[in-house]
Amino acid sequence: MFTAVVYVLTSGCAWRHLPPTFGTSSATAHRRFTVWTEVGPVASAASGGAGRTRGPGRGGLDLGDRRRGLRSRQKGGSLTGPNPVDRGKKGSKLHVLSDAQGIPLAVAVSGVNMHDSLAPAVQSCRGPRRRRPVKLRADKAYFSAEHLIWLRERRLVARIARPGIESGERLGRHRWKIERSIAWLFGYRCLTIRYERKGSRFLAFLGLAAALTCYKKLAKLAT
């Protein structure tokens, strides 16, 4: 059943077109995925289960986002909003938090029209802290007084260019890692275009993709 869910995530296949080789019907696989989204392992991954992993790094964090649109025949859904740069079409924005090496630690989804400074909190599950981060790099749009105060209280150095004052080009030496992480996630075709109307299911797919990315990355480090 889980393999069928991963196949839908990686291939972008519609549930009704799920091959019979998995030994389960498409309706059963979709029903199980819905249950897992609410109370199962997929929900744990979406809520920050990937944040439990550990990889090599220099104590830094990267925060980035990307916009994704709905299919043209989709009329709406939760966690969506009118895209200001695409004639008001409904879309979603993906927020990704990674470590200094680009391993995704936590993910979130918001409407595409929501400003980055008002984005939902991106946080992982509670657990033992293995290494305390030192810096946080993010897009210029994430700059806000509230974010700076929040980082300062936790003794984190903010590397966020001030809009209209500083250029964000110097962050390119480090930001390519979060761009690569987002590219890894978009390698799962189910995320390139949003097919799920319910935002919780789309977030579950995103969390599962982040967990699989962590597994592949850390498996290489272990060999």
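Every value quoted in this text rests on a predicted model; they were computed, and no experiment measured them.
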Heavy-atom closest pair (I160 atom, L136 atom, distance to 0.1 Å) is CG1-O, 4.4 Å
One should read off an interatomic distance between F186 CZ and I193 CD1, to the nearest 0.5 angstrom, of 11.0 Å
Side-chain touch L185/L94, heavy atoms, less than 4.5 angstrom
no
Sorted by chain and number, sequence neighbours left out, side chain to side chain contact (heavy atoms under 4.5 Å, CB included) with P19 holds for Y7, T21, F22
Here the pair of heavy atoms bringing R189 nearest to G12 is CB-N, 3.9 Å
With sequence neighbours left out, the residues meeting side chain to side chain contact (heavy atoms under 4.5 Å, CB included) with A183 are none
In short, A108 meets L203 closest at the heavy-atom pair CA-CD1, 4.1 Å
Rounding to 0.5 Å, atoms CG (L79) and CZ (R201) come to a distance of 13.0 Å
Practice task
For atom CZ of R180, decide whether the heavy atoms of other residues, nucleotides or ligands shown that lie under 6.0 angstrom number more than 12.
Solution key: yes
Task: Minimum side-chain heavy-atom gap Y188-L212 below 4.5 Å - done: yes
Practice task
Please answer: with hydrophobic residues joined when any side-chain heavy atoms are less than 4.5 Å apart, are L151 and V157 in the same cluster?
Solution key: no
Interatomic distance, OG1@T213 vs CD1@I182, rounded to 0.5 Å, equals 11.5 Å
Note to self: Taking R159's backbone N and O only, do any of them form a donor-acceptor pair with K135's side chain (distance below 3.5 Å, no angle check)?
What the structure shows: no
Minimal heavy-atom distance between L191 and A209, with the atoms involved, is CD1-CB, 3.7 Å
Taken in chain and number order and not counting sequence neighbours, the residues that satisfy side-chain hydrogen bond (donor to acceptor under 3.5 Å, both in side chains) with S11 are none
Residues at least two apart in sequence or cross-chain that pass side-chain hydrogen bond (donor to acceptor under 3.5 Å, both in side chains) with K220, listed by chain then number, are none
key: hydrophobic_cluster_shared for L18 and M1, side chain cutoff 4.5 Å   = yes
Taken to the nearest 0.5 Å, the spacing of T34 OG1 from K198 NZ works out to 7.0 Å
Below 30° counts as parallel, above 60° as perpendicular, anything between as tilted: where do the rings of F33 and W15 land? tilted
Across all chains, not counting sequence neighbours, the side chain to side chain contact (heavy atoms under 4.5 Å, CB included) partners of R155 are R132
query = Are F202 and V109 side-chain neighbours, meaning at least one heavy-atom pair lies under 4.5 Å?
reply = yes
In terms of heavy-atom contacts, V107 and A210 come closest through CG1-CB, 4.1 Å
Those residues at least two apart in sequence (or on a different chain) that pass side-chain hydrogen bond (donor to acceptor under 3.5 Å, both in side chains) with W184 are none
Rounded to the nearest 0.5 angstrom, the NE2-CG distance for H147 and L156 is 13.0 Å
(Q) Less than 4.5 Å apart, side chain to side chain, heavy atoms only: is that true for K177 and S98? (A) no
Heavy atoms of S110 and H95 approach each other most closely as OG-NE2, 2.8 Å
Taken to the nearest 0.5 Å, the spacing of K216 NZ from I103 CD1 works out to 14.0 Å
